[in-house]
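Note: hydrogens, waters and symmetry copies are ignored here, and every other heavy atom, side chains too, is used.
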Amino acid sequence: MASVKLYNKNGDAKAKFIQENLEKKFGRVPEVFQAMGRNGDFLEAALQVSEAAGRGLDPKTKELIIIAVSAVNGCTYCLDAHRSAALLAGVTEDEIVAAVEVASAISLFNNFNKSIDLVSDLKTPVK
């Protein structure tokens, strides 16, 4: 159960319009877009950022990055949503597992290095 009020086509006029279009796409208004549905400007901006991010990447790569980040951030909602999107984009189960393995491994190193405040000695030289 969400810890915030959900606005299912009962936010402001812009939010209602956006949610009606999302409902056509998904067959319902996903809860993430209900949670953002009070303020149409916010919902629109969030969707625009999502669309703009990763422009130039193929859909499979973008979905694998989203899955990897969602895994290390512990967002089950995003993992579930983007696993489905990834499979529809042609990503295999093995590729999903591999992306999570890479994210988990680098997260281990990130946390280890941050915890002991290592000096970065593997920088790429600037020419």
About how many Å separate [atom2] of [Y] and [atom1] of [X], when rounded to the nearest 0.5 Å?
| X | Y | atom1 | atom2 | result |
| --- | --- | --- | --- | --- |
| Ile66 | Leu64 | CD1 | CG | 9.5 Å |
| Leu57 | Glu63 | CG | CD | 11.0 Å |
| Ile67 | Cys75 | CD1 | SG | 12.0 Å |
| Phe109 | Leu118 | CZ | CG | 11.0 Å |
| Leu22 | Gln34 | CG | CD | 10.5 Å |

Please name the pair of heavy atoms, one in [X] and one in [Y], separated by the smallest distance, quoted to 0.1 Å.
| X | Y | value |
| --- | --- | --- |
| Ile96 | Ala86 | CD1-CB, 4.4 Å |
| Lys62 | Glu51 | NZ-O, 3.7 Å |
| Gly37 | Leu43 | CA-CD2, 4.4 Å |
| Val72 | Ser104 | CG1-N, 4.0 Å |

Could you check if a side-chain atom of [X] sits within less than 4.5 angstrom of a side-chain atom of [Y], using non-hydrogen atoms only?
| X | Y | value |
| --- | --- | --- |
| Ile18 | Glu44 | yes |
| Leu87 | Glu93 | yes |
| Asp94 | Thr92 | yes |
| Tyr7 | Phe33 | no |
| Glu23 | Gln19 | no |
| Glu20 | Lys9 | yes |
| Val91 | Glu95 | yes |

Same apolar cluster (I L V M F W Y, side chains within < 4.5 Å links), Leu6/Leu47 = no

query = Any link between Val100 and Val69 through a network of hydrophobic side chains (Ile, Leu, Val, Met, Phe, Trp, Tyr) touching at under 4.5 Å?
reply = no

request  = State, without any angle test, whether Ser70 and Asn73 hold a side-chain donor-acceptor pair at a distance under 3.5 Å.
outcome  =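 Ser70 vs Asn73: no donor-acceptor pair found between side chains.
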
query = Does Tyr77 reach the main-chain N or O of Val32 with its side chain, forming a donor-acceptor pair under 3.5 Å?
reply =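 Yes, because the side chain of Tyr77 sits within donor-acceptor range (under 3.5 Å) of the backbone of Val32.
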
inquiry  = Working note: Thr61 + Asp58, criterion side-chain hydrogen bond (donor to acceptor under 3.5 Å, both in side chains); need CA distance, chi angles, decisive distance, verdict.
reply    = CA-CA 6 Å; Thr61 301; Asp58 64 271; 2.7 Å; yes

task = Before accepting this row, confirm whether a basic side-chain N of the pair Lys14/Asp41 lies closer than 4.0 Å to the acidic partner's carboxylate O.
result = yes

